[in-house]
Amino acid sequence: KAGVTQTPRYLIKTRGQQVTLSCSPISGHRSVSWYQQTPGQGLQFLFEYFSETQRNKGNFPGRFSGRQFSNSRSEMNVSTLELGDSALYLCASSFGGAGAEAFFGQGTRLTVV
Amino acid sequence: AQKITQTQPGMFVQEKEAVTLDCTYDTSDQSYGLFWYKQPSSGEMIFLIYQGSYDEQNATEGRYSLNFQKARKSANLVISASQLGDSAMYFCAMRELLSGNTGKLIFGQGTTLQVKP
């Protein structure tokens with residue numbers, strides 16, 4: 001059974017650019033959540049999608065957005081990149097209930113220069 | 001607001017010995033779930049073990065066990081017979097309930113474990 005796949009693994013972007021990250025969840029999982037991990041702030045929740053609908057959103061500016069497709073794959077977009085957006089972005093997939101175990105991908109390491 | 005506290009930034013353990021990683025939590029919810037994840041240097045968060053607040057038995061998964069003390073609001077991870085491959089960052093997390101039957105994970109700051117040969 002394939003795990004959670006995130007692409008690309010590494011990205012280097014320039015300030016002001018935009019970036020799109022992709023996450024393919026485990027087959028059968030309908031919930032995809034995104035987290036940002038930085039040395040200073042630790043792991044923070046960005047948003048969660050379930051059946052193509054955003055169910056929850058963390059405390060991030062509107063430059064961070066996402067979407068989910070009918071096959072449950074999800075994309076996360078960050079526009080007008082800032083240096084502080086440099087982080088490891090992790091995607092988690094689950095069946096979707098509040099008690100459901102979440103399985104993470106390997107993450108996308110974004111560096112903004 | 002819910003909070004997870006991991007007070008050990010770094011730990012060392014000798015290979016083949018057991019080690020306990022501490023985690024305390026704060027919540028006003030009656031029903032909640034606690035998780036432990038391992039993050040090697042590659043970055044992937046690997047699910048280790050889960051404990052529900054109403055589970056009477058401590059969770060175990062192979063060499064991992066969770067020492068759940070509800071009254072003290074602690075959920076310590078015990079790794080028995082440590083191996084070199086256990087060297088990694090370990091995160092304790094709690095599911096915070098949001099609207100409907102949904103939730104998000106709240107993570108502690110993590111503990112870096114180094115296993116010495």
Side-chain angles (χ1 to χ4, degrees), chain A residues 1-11 21 23 26 29-51 53-60 87-111, chain B residues 1-10 23 25 27 29-55 59 61 64 66 75 88-112:
Chain A
K1 187 173 177 180
V4 181
T5 304
Q6 289 188 249
T7 56
R9 291 289 314 281
Y10 303 92
L11 266 178
L21 313 182
C23 172
I26 291 171
H29 285 188
R30 294 163 67 189
S31 168
V32 173
S33 298
W34 289 88
Y35 292 82
Q36 181 196 63
Q37 185 178 20
T38 59
Q41 298 298 316
L43 282 143
Q44 296 186 89
F45 172 76
L46 280 156
F47 30 64
E48 185 220 0
Y49 285 87
F50 183 87
S51 293
T53 301
Q54 186 183 89
R55 292 203 298 191
N56 297 294
K57 191 177 192 315
N59 189 24
F60 279 82
L88 179 66
Y89 290 88
L90 290 158
C91 154
S93 107
S94 75
F95 283 113
E101 295 163 14
F103 297 89
F104 284 81
Q106 288 188 295
T108 294
R109 193 169 294 278
L110 172 66
T111 303
Chain B
Q2 297 187 333
K3 188 177 178 182
I4 294 282
T5 303
Q6 294 180 254
T7 56
Q8 307 153 311
C23 171
Y25 60 91
T27 181
D29 293 339
Q30 295 301 309
S31 177
Y32 50 88
L34 295 156
F35 303 77
W36 276 93
Y37 288 89
K38 170 185 177 182
Q39 187 178 43
S41 56
S42 62
E44 180 181 6
M45 295 282 280
I46 301 167
F47 167 77
L48 295 178
I49 198 165
Y50 167 80
Q51 179 85 41
S53 58
Y54 290 116
D55 294 341
E61 289 286 350
Y64 304 106
L66 200 153
M89 180 86 91
Y90 288 81
F91 289 94
C92 180
M94 168 184 284
R95 174 88 62 184
E96 177 179 336
L97 292 177
L98 300 172
S99 58
N101 185 29
T102 70
K104 66 178 183 182
L105 291 174
I106 305 293
F107 287 87
Q109 288 300 105
T111 296
T112 301

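Letters A, B, ... are given to chains in the order of the sequence lines, protein chains preceding strands, and every chain is numbered from 1.
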### Query
Which of parallel (below 30°), tilted (30 to 60°) and perpendicular (above 60°) describes A/F47 and A/Y49?
perpendicular

### pair A/F104-B/Y37: side-chain heavy atoms closer than 4.5 Å
yes

### Task
Considering only heavy atoms and a distance below 4.5 Å, find which of A/G107, A/G42, A/G105 pairs most often with chain B.
A/G105

### Ring centroid separation A/F103 to B/F47 under 6.0 Å
yes

### Message
Does anything in residues 33-41 of chain A reach chain B? List residues with heavy atoms under 4.5 Å apart, or say none.
### Response
A/Y35, A/Q37, A/Q41

### Query
Given side chains that start at C-beta, do those of B/L105 and B/R95 come closer than 4.5 Å, heavy atoms only?
yes

### Task
Could you tell me which portion of B/Q39 (side chain, backbone, both or neither) has an atom closer than 4.5 angstrom to a non-hydrogen atom of chain A?
side chain

### Query
Are A/S31 and A/E48 linked by a side-chain donor-acceptor pair shorter than 3.5 Å?
yes

### Heavy-atom closest contact (A/V32 atom, A/C23 atom, distance)
CG1-SG, 4.0 Å

### Query
Which value, rounded to the nearest 0.5 Å, describes the distance between A/L21 atom CG and A/R109 atom CZ?
13.0 Å

### Query
Considering only heavy atoms, which portion of B/Y32 lies under 4.5 Å from any heavy atom of chain A: side chain, backbone, both, or neither?
neither

